[in-house]
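Chain naming here is simple, since letters A, B, ... match the order of the sequence lines and numbering starts at 1 in each. Keep in mind it's a predicted model, so treat the numbers as computed, not measured.
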Amino acid sequence: MDITFKNVSYIYQRNTPFAHKAIEDLSFHIPSGSFVAIIGHTGSGKSTLIQHLNGLVSPSSGEVTIGEYRLTDEEKPKRMKELRSRVGVVFQYPEHQLFEETVEKDIAFGPQNFDIPKADINKRIKEVVPKVGLQEELLKRSPFELSGGQMRRVAIAGVLAIKPDVLVLDEPTAGLDPRGQKEMMDMFYTMHKEEGLTTVLVTHSMEDAVKYADHVIILNNGTKYMEGKPEDVLTQQEALNKVQLDVPEAVQFLQSFEKRFGVTIPFTRQSTKEIAQSIQRYIKEAGSRE
Amino acid sequence: MSSSLIIGQYVPGNSIVHRLDPRTKITVIFFFVFIVFFANSVLSYTTLTVFALVTVIITKIPIRFIMKGLTPVWFLIIFTFILHLIVTKEGTVLFDIFGFNIYTGALIQGFAISMRFFLLILVTSLLTLTTTPIEITDAIEEMLHPLKKIKFPVHELALMMSISLRFIPTLLQETEKISRAQASRGVDFKTGPLKERIKAVVPLLVPLFVSAFKRAEELAMAMEARGYQGGEGRTKLRELKIEKIDIAVYILFTLVIAIVLYTRS
C-alpha cells in the first residue's frame with residue numbers, strides 16, 4: 001500500500017498548558033513495496049510518525065493516506081480495524097505487550113482479533129515460529145519464562161501472524177545481542193522481499209539503513225531534514241553531523257582511505273567484502289604500474 | 001484519555017500559591033475540607049467560593065484548563081444534583097416532571113451539595129496542581145514528625161508516598177504504550193459492548209503488572225546499590241521554612257473560617 005503524508009502536523013495535548021508540536025508540516029511519499037528507513041535523533045518525532053501509520057493518532061492538520069484509507073483531523077476511516085490488520089506495527093521493546101498464558105495463545109491473539117479462522121491461525125503460527133527463530137517446543141510455555149530475546153521473538157511473531165501488507169518496525173533490534181540483531185534484520189528483509197511488503201524501519205543504526213533500505217528519510221525536530229537514496233543521503237557527513245548523526249562506518253572508512261591515499265572509491269552501498277576487493281584491485285594496478 | 005484528567009498533575013509556575021510552603025497549603029486545604037461541610041447559608045457558600053476562585057486566579061493556571069480537567073467529576077456532581085432533586089421532599093412543590101414532585105427544598109439542597117462537591121474537588125486538585133510531589137511528601141514527613149516518638153515509621157511512609165507519586169506518570173505512560181501496542185493487534189478499547197470492553201482490559205493489565213513488579217525490583221536494587229539505609233542521618237538540601245506570606249495566608253484563612261462560622265444560619 002502506498003503511504004502519503006501531506007503537510008502533516010501533530011500537537012500533543014492540544015489546548016492545555018502542556019501543548020507541544022511533535023511533527024510539523026511533514027510531507028513524503030512511500031511507494032508500495034519499498035523499504036524505507038526513518039532516522040532521527042531522540043525526540044525528532046519518529047514515534048509520533050509511526051502512530052499515524054495505523055490510525056492510533058490522527059494528524060492535527062494535514063492529511064495521511066495509507067492505501068485507500070484517509071486520516072485527517074475530522075475524518076477517521078470507518079474501517080479502522082481493517083486498516084490495523086493491514087498495517088502491522090512492531091513497537092519498541094514489543095516484549096512488553098505479552099500477556100497470554102502460553103506463547104501460542106499470545107501469537108494467536110492478533111489474528112483472533114481480526115477474525116481469522118482458527119485453522120488458518122494454527123497454520124500461520126506454524127509458519128511464523130521458525131521464521132523468527134523460535135523452537136516449536138516453546139509454544140506451550142508461558143511467555144514470561146522465556147529469555148528477553150525469546151520474548152522479543154514471540155512478540156514479533158504475534159505481529160507477523162497478522163500478515164500485514166505494511167510492516168512498521170520501531171527499532172526492532174534494540175537490546176538484542178549482535179548476532180540476534182543481524183538474524184532479526186535479515187529475517188525482516190527476506191520477508192520484505194518474499195512477500196512484497198512495504199516496510200518502514202525506524203532506526204538509529206546507519207549500518208542497517210544502508211544495508212536494507214532503498215529510501216531514507218531523516219527527521220529533525222519534527223520536520224523532514226533530508227530524504228533520498230541511502231547512498232546519496234548517508235554520505236553527507238557535514239549535514240548529518242549537524243543533527244547529531246554520523247555517516248555509516250563504511251563511508252567513514254572510504255573517506256579516510258581517500259584522504260590517506262588520494263584514491264576515490266565511490267560509495268554504492270557495497271559490502272565490506274566488495275570494498276576489500278576494490279582496494280585489492282587498486283593495489284594490484286598500482287603494483288603493475290611500478 | 002489520561003491527558004484530560006488533571007487530578008494529580010503538576011503545572012509548573014511561579015505564582016504566590018506555587019511558592020507557598022507546602023505545609024501551609026496542606027493545612028489550609030485540610031481545614032477547608034472541614035469548613036465546607038459547615039457552610040449552610042448563601043453568604044457562607046459565597047465566601048468559600050470567592051476564596052477558592054481567587055486562589056485559582058492567583059495561580060495563573062487557565063480556568064478553562066482546570067474546568068476541562070474536571071470533566072469526569074462534573075458527571076458525579078450532576079448526578080448528585082439530580083439525586084437530590086428526586087429524593088428530597090422539603091418546602092413547597094415547585095413543579096413535577098414524569099410524576100416526580102420537585103420541591104423548593106430539593107432544589108436548594110441539590111444545589112448546595114453539588115456546590116460542596118465542586119469546591120472540595122477544585123481546592124484539593126489545586127494542591128497537586130501547584131505543588132510538586134516532592135514538596136508534598138517533604139511537607140507530610142515534616143508534619144508527621146512528632147509521631148516518630150511513638151515509633152511510627154514516618155520516613156518510610158513518606159518514601160512510599162513519594163515513590164508511588166513518582167510512578168503515577170510512569171505507569172500512565174506505560175499504560176498508553178501497551179494500549180497502543182494492543183490496539184495495533186486489533187483490541188478495541190473504545191467501542192463495542194461493555195462485556196467486550198471489560199475483556200479488552202486483560203491484555204492491558206497483565207503487562208502493566210508485570211512491568212510494575214519488574215520496576216519495583218530494579219528500583220530496590222538501585223537504592224541498595226547507592227547505599228540507601230532509611231532516613232537515619234539523612235540531611236535535606238531544601239529545608240522547608242515558614243515565611244511572612246505563609247503567616248498572611250493563615251491569618252486570611254482564619255478570617256474566612258470566622259466568616260463562614262458567623263454567617264451560618
Taking all non-hydrogen atoms of both residues into account, name the closest pair between [X] and [Y] and its distance.
X: A/Ile162; Y: B/Ser184; value: CD1-O, 4.4 Å
X: A/Phe99; Y: B/Pro207; value: CB-CD, 3.7 Å
X: A/Gln97; Y: B/Ala181; value: OE1-CB, 3.3 Å
X: A/Asn113; Y: B/Arg185; value: ND2-O, 3.0 Å

Any side-chain heavy-atom pair of [X] and [Y] under 4.5 Å:
X: B/Gln182; Y: A/Phe109; value: yes
X: A/Phe91; Y: B/Ile178; value: no
X: A/His96; Y: B/Glu174; value: yes

> When only heavy atoms count and the cut-off is under 4.5 Å, which of residues 208-220 of chain B reach chain A?
Replying inline: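 So the qualifying residues are B/Val210.
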> For the atom pair CG (B/Asp188) and CZ (A/Arg84), what is the distance rounded to the nearest 0.5 Å?
Replying inline: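 So the gap between those two atoms works out to 7.5 Å.
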Of the backbone (N, CA, C, O) and the side chain (C-beta and beyond), which part of [X] lies under 4.5 Å from a heavy atom of chain B, both, or neither?
X: A/Asp115; result: neither
X: A/Gln51; result: side chain
X: A/Tyr12; result: neither

For [X], does the [atom1] atom have more than 12 heavy-atom neighbours from other residues, nucleotides or ligands under 6.0 Å away?
X: A/Tyr93; atom1: OH; answer: no
X: A/Glu195; atom1: CD; answer: yes
X: B/Ile134; atom1: CD1; answer: no
X: A/Glu68; atom1: CD; answer: yes
X: B/Phe30; atom1: CZ; answer: no
X: B/Phe111; atom1: CZ; answer: no
X: B/Phe31; atom1: CZ; answer: no
X: A/Glu145; atom1: CD; answer: yes

> Quick one: side-chain contact (heavy atoms from CB on, under 4.5 Å) partners of A/Ile121, sequence neighbours excluded?
Replying inline: A/Ala108, A/Pro111, A/Gln112, A/Ile116, A/Ile125
> Looking at A/Gly110, A/Pro164, A/Ala161, which one has more heavy-atom pairs under 4.5 Å with chain B than the rest?
Replying inline: A/Gly110
